[in-house]
Every structure is written in C-alpha cells, then in structure tokens.
Amino acid sequence: MVGRGARHGGSRAVSGGVHLVGGGWGGDARVWRAFVAEAGARASGTPRIAVVAVRDGDEQDHGAKLITAVTGAGAVEPVVLALREGERLAPDALPDDLHGVLVGGGLTPAYREAVLPAADRLRALVADGAPYAGFSAGSAIAASRALLGGWRAPDGRPVLDEDFAEDHEGLAVEEGLGLVPFAVDVHAAQWGTTTRLATAVEAGLVQGGVAIDEDTAVLVRDGRTEVVGAGNAWWVRPADGGVLLRREAGSA
C-alpha cells in the first residue's frame with residue numbers, strides 16, 4: 001500500500017516534487033508550503049510560477065484566487081496562463097526560467113484537453129527539478145491514466161451524485177500528464193468521489209489511486225508520498241473480490 005514514506009514501484013523518475021491538492025478554499029497554507037519552498041530553492045529571489053487556469057469565462061478570476069491561496073505560504077511571481085475551455089496550452093508558453101508550475105481547477109476533461117499538448121514540456125520541467133502543483137482538476141490530470149469523471153459503474157449502477165460527474169456518465173479514464181503512476185480523484189469527503197475511484201480500481205480501469213479531500217495535499221517526491229493539510233487521503237488498491245481502502249490523515 002502506498003502511503004507516507006512508502007515507495008512506488010514503476011514510477012517515473014522525476015526530480016521535482018508533484019503536489020496534488022484536493023481542492024478547497026479553506027485557507028490552509030500547509031497544502032502549498034512545500035511547493036513554494038521547492039520553487040523558492042530553485043530561485044535566487046522570489047520564485048516565478050506559471051499559473052494555468054482553464055475556465056468558461058472566469059479564467060482570470062480563478063487564476064487570481066489561486067495566486068492568493070499560494071501566497072499564503074510565501075511570495076511568488078505569478079505568470080498567469082489563462083485559457084478558455086477549448087483552447088490549448090502551447091509548450092513554448094512554459095519558459096525555461098520558471099521555478100514551478102501550478103495547474104488549477106474546473107472541468108477536468110477541459111483541463112486535460114488544454115494541458116495535454118504541453119505534457120512533454122511539463123515532464124521536462126519537473127525532471128529538471130521544477131515542482132508541479134495541481135489544484136482539483138490539475139491534480140486529477142497529473143496521473144499517467146487520468147480519471148476524468150463519470151457517475152455510473154460499468155454495470156450502469158450509480159456510484160456518485162450526477163452533479164459531480166464532470167460531463168461524463170460512464171467512468172472516463174484517458175491519458176494524463178504522466179507525472180504520477182496512480183489515479184487521482186479530488187474533493188473526496190466533500191463530493192464523495194472515493195466511491196468513483198474505488199469503482200474504477202475494481203473494474204480494472206486504473207491500477208490504484210488516491211482520493212484527496214479538500215484543503216489537503218498529497219506530496220510525491222522520489223517515489224515517496226506524504227499527506228498534509230486539514231483532511232485525509234483515501235488510498236485504494238485492488239484486492240481479491242474487490243478493493244482495499246486506507247485512510248491517511250494529513251499531517252502538519
């Protein structure tokens with residue numbers, strides 16, 4: 001089972017940390033501290049952070065909210081890359097002098113379509129030591145196989161409130177950014193998405209994963225994970241006859 005201090009087999013070799021925030025605007029700066037500290041260690045001064053927001057008209061406002069949240073953990077120089085749903089992130093929009101990248105929240109399939117063209121560029125930045133942070137959708141698409149949404153199991157039974165289906169009926173799993181080898185779902189306690197992840201694992205759509213509460217982050221570095229913040233991470237892996245679920249509370 002993956003958890004605090006545990007190591008993944010088969011994970012991509014990266015040198016920058018991957019910080020997966022489960023969403024929420026509760027003002028818990030703990031979820032951003034390690035990300036800002038890693039970015040700051042790469043900078044001679046204030047770290048320069050790309051902030052990617054993919055929204056349906058409020059992308060600038062969402063980018064501003066993300067900046068406010070992150071600066072609760074320390075000063076950053078933001079480079080806002082605001083995209084309307086349907087637009088694509090060009091790889092050259094992420095310059096070499098970035099010290100970190102933050103990808104925000106919204107409709108998960110829209111983020112995947114927008115950011116996937118820059119996946120190789122993002123992986124190169126992380127391999128060079130730049131940390132990546134996801135917020136909600138930005139966390140979900142960080143996976144090699146990204147769980148994008150859905151509210152019905154393969155047998156048609158509901159496993160989640162339809163309001164949280166992300167414009168999918170059946171469980172949708174597609175290629176993600178490839179920054180972590182396990183699937184990620186978000187807003188776990190608030191939206192009940194642990195049941196969606198568990199169903200995806202049981203059905204063999206993903207090999208295992210974590211559902212993350214709001215105001216909580218899973219930090220991945222050198223194949224090891226740590227949970228920080230106000231909530232929990234819910235680790236799911238396959239087992240004979242079903243799945244195994246383990247709760248890991250966030251630390252300070």
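Quick note: residue numbers are just sequence positions, from 1.
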### Query
Backbone N or O of D213 within a donor-acceptor pair of the Q190 side chain at under 3.5 Å?
no
#### Entry: Hphob cluster co-occupancy, V70 + V80, side-chain heavy atoms under 4.5 angstrom
yes
### Query
Hey, does the side chain of R88 reach the backbone of E113 with a donor-acceptor pair shorter than 3.5 angstrom?
yes
### Query
L83, L122: one ILVMFWY side-chain cluster at the under-4.5 Å cut-off?
yes
### Task
Step by step, work out the side-chain contact (heavy atoms from CB on, under 4.5 Å) result for L171 and T199.
CA-CA 9 Å; L171 301 186; T199 303; 3.8 Å; yes
### Query
About how many Å separate CG of L66 and CG of D61, when rounded to the nearest 0.5 Å?
11.0 Å
### Task
Might you point out which heavy atoms bring S144 and P181 nearest each other, and give the distance in Å?
OG-CA, 4.0 Å
## Note on the structure
Contacts satisfying salt bridge (Lys or Arg N to Asp or Glu O under 4.0 Å) that involve residues 63-73 (not counting sequence neighbours) are none
### Query
Any side-chain heavy atom of T71 within less than 4.5 Å of one from V76?
yes
### Query
Does a side-chain heavy-atom distance below 4.5 Å link H168 with P109?
yes
### Query
Looking at S136 and G105, what are the two nearest heavy atoms and their distance?
CB-CA, 4.1 Å
### Query
Are V180 and F135 connected, step by step, through hydrophobic side chains (Ile, Leu, Val, Met, Phe, Trp, Tyr) whose heavy atoms are closer than 4.5 Å?
no
### R112 bridged to E174 by N-O distance under 4.0 Å
yes
### Message
Rounded at 0.5 Å granularity, tell me how far CG in L197 sits from CG in L160.
### Response
11.5 Å
### Task
Taking the side chain as every heavy atom from C-beta outward, state whether I49 and V101 have any atom pair closer than 4.5 Å.
no
### Query
Where do L177 and V115 land on the side-chain contact (heavy atoms from CB on, under 4.5 Å) test, with the steps shown first?
CA-CA 8 Å; L177 300 179; V115 180; 3.9 Å; yes
### Query
Ignoring hydrogens and geometry, is there a side-chain-to-backbone donor-acceptor pair from R145 to Q207 under 3.5 Å?
no
### Message
Check this for me, if you would: do D222 and R224 make a salt bridge, where the nitrogen-to-carboxylate-oxygen distance has to be below 4.0 angstrom?
### Response
no
### Task
Look at the side-chain heavy atoms of Ile, Leu, Val, Met, Phe, Trp and Tyr, link any pair under 4.5 Å apart, and say whether V220 and W32 land in one connected group.
no
### Query
Short question: side chain of T216, backbone of I212 - any donor-acceptor pair under 3.5 Å?
no
### Query
Does the side chain of N232 reach to within under 4.5 Å of the side chain of V227, using non-hydrogen atoms?
no
## Note on the structure
For L244 and A239, the nearest pair of non-hydrogen atoms, with its separation, is CG-CB, 3.6 Å
### Query
Do L20 and V52 share a hydrophobic cluster, counting only Ile, Leu, Val, Met, Phe, Trp and Tyr and linking them when any side-chain heavy atoms are less than 4.5 Å apart?
yes
### Side-chain heavy atoms of W151 within contact of V159, under 4.5 Å
no
#### Entry: Residues clustering with V228 (ILVMFWY side chains joined when closer than 4.5 Å, directly or via others)
L219
### Task
Write down the atom of G208, the atom of V201, and the distance for their closest heavy-atom approach.
CA-CG2, 3.8 Å
### Query
Does any pair with a residue in residues 79-111 pass ring pair (Phe, Tyr, Trp, His ring centres under 6.0 Å), and if so which ones, sequence neighbours excluded?
none
### Task
With sequence neighbours excluded, give me every salt bridge (Lys or Arg N to Asp or Glu O under 4.0 Å) pair touching residues 157-167.
D155-R157
### Message
Between S139 (side chain only) and G134 (backbone N and O only), is there a donor and an acceptor less than 3.5 Å apart?
### Response
yes
### Task
Write out all pairs satisfying ring pair (Phe, Tyr, Trp, His ring centres under 6.0 Å) with one or both partners inside residues 44-83, taking only residues at least two apart or from two chains.
W25-H62
#### Entry: Reported CG-to-CD1 distance for the pair L147 and I141, which is rounded to 0.5 angstrom
13.0 Å
#### Entry: Exam field: side chain R55 to backbone E59, donor-acceptor pair closer than 3.5 Å
no
### Message
As an exercise, state the distance from CG of D28 to CD of E214, rounded to the nearest 0.5 Å.
### Response
12.0 Å
### Message
I'd like to know if E226 and R221 make a salt bridge, using a cut-off of under 4.0 Å between side-chain N and carboxylate O.
### Response
no
### Task
Applying side-chain contact (heavy atoms from CB on, under 4.5 Å), run through T194 and L245 and close with a yes or a no.
CA-CA 9 Å; T194 306; L245 173 67; 3.9 Å; yes
### Query
With a 3.5 Å cut-off and no angle check, do the side chains of W235 and E248 form a donor-acceptor pair?
yes
### Task
Taking all heavy atoms of A39 and all of P131, pick out the closest pair and write down the distance.
N-CG, 3.7 Å
List, one per line, each side-chain donor-acceptor pair under 3.5 Å for residues 89-97, sequence neighbours excluded.
unit_1, atom_1, unit_2, atom_2, d
D96, OD1, R121, NH2, 2.6
D97, OD1, R48, NH1, 2.6
D97, OD2, R48, NH1, 3.0

### Task
With side-chain contact (heavy atoms from CB on, under 4.5 Å) as the test, would you mind laying out the steps for W234 and R246 before giving the verdict?
CA-CA 6 Å; W234 306 85; R246 183 173 68 85; over 6 Å; no
### Task
Please answer whether the main-chain N or O of E77 pairs with a side-chain N or O of T46 as donor and acceptor at a distance below 3.5 Å.
no
## Note on the structure
For A110 and E85 the tightest heavy-atom approach is CB-CG, 3.9 Å
### Query
Out of L179, L102, L125, which residue meets the side chain to side chain contact (heavy atoms under 4.5 Å, CB included) rule with Y132?
L179
